[in-house]
Amino acid sequence: MRETPLTERIEAILLIIDEPIGLVALAAAVGSPVPAVRQAIETLVDDYDGRGHGPRRGFELREVGGGWRLYVREDHDDLVAEFVGGQAPARLSQAALETLAVIAYKQPVTRSQVASIRAVNVDSVVRTLLARGLITELFADSETGAINYGTTDALLQHLGINSLDELPPISPLLDDGADGFDEGTIR
Amino acid sequence: MRETPLTERIEAILLIIDEPIGLVALAAAVGSPVPAVRQAIETLVDDYDGRGHGPRRGFELREVGGGWRLYVREDHDDLVAEFVGGQAPARLSQAALETLAVIAYKQPVTRSQVASIRAVNVDSVVRTLLARGLITELFADSETGAINYGTTDALLQHLGINSLDELPPISPLLDDGADGFDEGTIR
Amino acid sequence: MPSRSGGTPPEAADSTAPWEGDGGAGARPSPDVGPLDSSPPAESGFRVSLSNFDGPFDLLLNLISKHEMDITEVSLSAVTNEFISYLRELDDSEELEQASEFLVVAATLLDMKVAGLLPQGELVDAEAVALLEARDLLFARLLQYRAFKEVSAWFARCLQREDRRHVRAVRLDEKHRKKTPELVWSLSAADFAALALLAFAPKEIPHVGLDHLHAPLVSIREQAAIVVTLLRGAESLSFRELVAGVTEPGIVVARFISVLELYRHAALSFEQLEPLGELTLRWAADHWSDETLATLGADYDR
């Protein structure tokens with residue numbers, strides 16, 4: 001059988017996946033070396049954006065949450081939203097957002113550590129974030145048994161970023177002091 | 001705002017649909033007359049087949065059962081089959097299992113009813129359960145048109161029971177919300 | 001006990017601080033440090049006048065965080081005093097929300113003041129150093145709290161932007177679906193029921209649960225809308241009047257919660273002369289928009 005072009009094989013896989021696919025997994029799926037796949041992905045991105053030979057496409061190829069996936073081009077999101085008529089997604093409360101931020105930067109982190117930074121009880125908010133799949137239980141502390149939480153790949157996708165490194169930097173002061181501070185003191 | 005090309009708008013819709021879409025529905029979705037949409041579809045078919053300006057695509061646009069939909073190009077079926085088959089043995093996620101449990105005990109039930117019980121968007125999980133043949137579409141609500149879901153015989157087999165009556169009873173007091181009330185207090 | 005944390009070497013360093021001077025000469029540092037400052041400094045409205053610094057509190061925190069200023073050179077008791085007098089001047093109905101924003105700040109400052117009042121001076125150096133470290137930690141915590149608050153806006157923006165995006169998530173074609181690996185199933189019917197229990201358990205304080213009363217759910221927001229309408233139309237109302245004619249306990253509860261929520265937004269004031277006595281409510285908001293109403297009780301949403 002004639003070997004089909006790499007870009008075509010990649011497109012076939014992209015059409016059927018329902019979560020982002022990383023370069024290595026993609027390379028394994030299409031049976032080509034990673035550098036070639038990376039190159040082909042770049043070609044496709046350009047192609048869909050109208051920088052190739054054909055016209056710009058109504059969809060685009062984005063790297064989000066550690067992998068590649070086809071998205072409706074942003075210009076058409078309103079059109080598609082109207083078509084699917086989805087209910088407005090439930091917004092996170094300010095408390096949930098702040099708790100999420102603390103967990104994102106401090107992970108792995110226990111609930112009581114988060115609570116001491118936020119100066120309030122965060123139990124119900126943590127449950128909401130868990131139920132939404134934005135955070136996950138990582139492991140239990142070997143001494144105290146307290147569960148440590150971290151963020152999920154789903155969060156990266158929801159933020160439209162590729163790794164935790166893309167979180168905006170926050171003051172370097174945050175990392176010193178606070179860690180060693182024992183939790184009991186804030187009320 | 002500049003009007004985007006018709007082909008782009010059509011591609012945006014094609015990317016997200018699950019079922020083939022008829023010309024009339026497609027025309028309504030993109031806000032263009034049917035003949036123009038028919039014309040644009042033909043352009044796209046040619047385009048994807050490599051008869052336009054760009055390269056041939058790994059997917060194709062086919063009319064099946066009175067509607068249009070994107071399919072993996074047949075040349076790549078083996079590749080896709082291998083990819084799909086080579087995935088780790090499927091195990092339902094905790095989220096999928098919980099959603100399945102809600103549907104089992106509440107059926108017939110709509111997606112938005114499930115979502116409100118689970119407090120999260122369940123669209124993709126419902127899709128997984130459908131694809132796995134564990135739930136099925138029962139009927140559309142006569143007023144809202146919302147689809148009601150129920151479980152299948154396949155689920156009964158997995159559970160080793162003969163009918164839904166054999167599901168263990170769960171407490172009727174489940175959703176009185178009492179659980180939540182002592183949590184908001186600040187430590 | 002002295003009311004000021006005087007006597008330590010750091011305090012003595014006042015006169016050599018970068019912003020040395022008598023503090024009364026206006027916001028000396030603020031025009032020059034604009035680039036340092038990521039948030040609008042005047043937003044808080046709380047200004048500090050110290051011997052070595054005069055300007056908005058936010059700016060002070062910024063300077064400290066950039067190490068432009070040494071925390072040990074700030075007279076903590078003076079900051080605390082300024083803050084307390086600032087709180088006193090606030091019009092309590094209008095700026096209640098702003099004041100509550102500062103609660104964490106106030107608590108931290110008080111902690112610092114306590115640290116500052118601990119016996120010191122003649123003690124050995126190691127302990128003085130430990131004391132300074134404790135102060136640093138307190139400020140660090142304050143800064144940390146603010147940093148997470150600020151960065152949460154970035155999270156909100158990204159989540160909102162990405163919420164609008166549509167990704168391809170389409171069910172696998174029938175012909176490919178057959179090729180997917182068999183489902184691994186290990187749950188017994190009893191496991192499944194246990195899972196159902198978990199799934200039906202409330203995820204957070206969601207709403208006034210009335211399922212067991214076979215009554216419809218009550219929206220805090222709707223009840224708040226009713227409370228707003230009733231209260232704005234009347235000079236003052238007792239809670240009894242506010243729920244007159246309501247027979248469903250759930251609505252009474254939701255209406256009460258909405259009163260608390262409105263109080264939190266400083267939209268109303270209430271008076272209760274004795275425990276369990278008549279509760280008198282008064283509309284107190286000068287600025288009220290329906291947008292506030294739309295977000296009211298969001299904590300109760302799921």
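Reminder, nothing fancy here: chain letters follow the sequence lines and each chain counts from 1.
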For the student: nearest non-hydrogen atoms of A:Leu79 and B:Ala29, plus distance | CD1-O, 3.3 Å

Between A:Val72, A:Leu14, A:Leu15, which has the largest tally of heavy atom pairs under 4.5 Å with chain B?
-> A:Leu15

How about B:Gln94: does its CD atom have over 12 heavy atoms from other parts shown lying under 6.0 Å from it?
-> yes

Should we say atom CD of A:Glu19 is surrounded by more than 12 heavy atoms from elsewhere, each under 6.0 Å from it?
-> no

Cationic N near anionic O, under 4.0 Å, A:Arg57 to B:Glu8 = no

Please name the residue in the list A:Ile17, A:Ile13, A:Ile16 that meets the side chain to side chain contact (heavy atoms under 4.5 Å, CB included) test with B:Val84.
-> A:Ile16

Fit a plane to each ring of A:Phe59 and B:Tyr48, take the angle between them on a 0 to 90° scale, and name the class: parallel (under 30°), tilted (30 to 60°) or perpendicular (over 60°).
-> tilted

Which bit of B:Ala95 comes within less than 4.5 Å of chain A, counting heavy atoms only: side chain, backbone, both or neither?
-> neither

Please examine the side chains of A:Pro55 and B:Asp47, heavy atoms only from C-beta on, and report whether any two atoms are closer than 4.5 Å.
-> yes

Among the listed options B:His53, B:Arg127, B:Arg73, B:His76, the residue most often paired with chain A at heavy-atom distances under 4.5 Å = B:His76

Side chain, backbone, both or neither: which part of A:Leu44 has a heavy atom under 4.5 Å from chain B?
-> side chain

Contact class of A:Ile21 relative to chain B, heavy atoms under 4.5 angstrom | side chain

Would you mind checking which part of A:Asp77 comes under 4.5 Å of any heavy atom in chain B, side chain (CB onward), backbone (N, CA, C, O), both or neither?
-> neither

Point-to-point distance, once rounded to the nearest 0.5 Å, from CD of A:Glu11 to CD of B:Glu60 | 12.0 Å

Any chance you could measure B:Asp78, atom CG, to A:Arg9, atom CZ, to the nearest 0.5 Å?
-> 12.5 Å

Counting only heavy atoms closer than 4.5 Å, note whether A:Leu70 contacts chain B via side chain, backbone, both or neither.
-> both

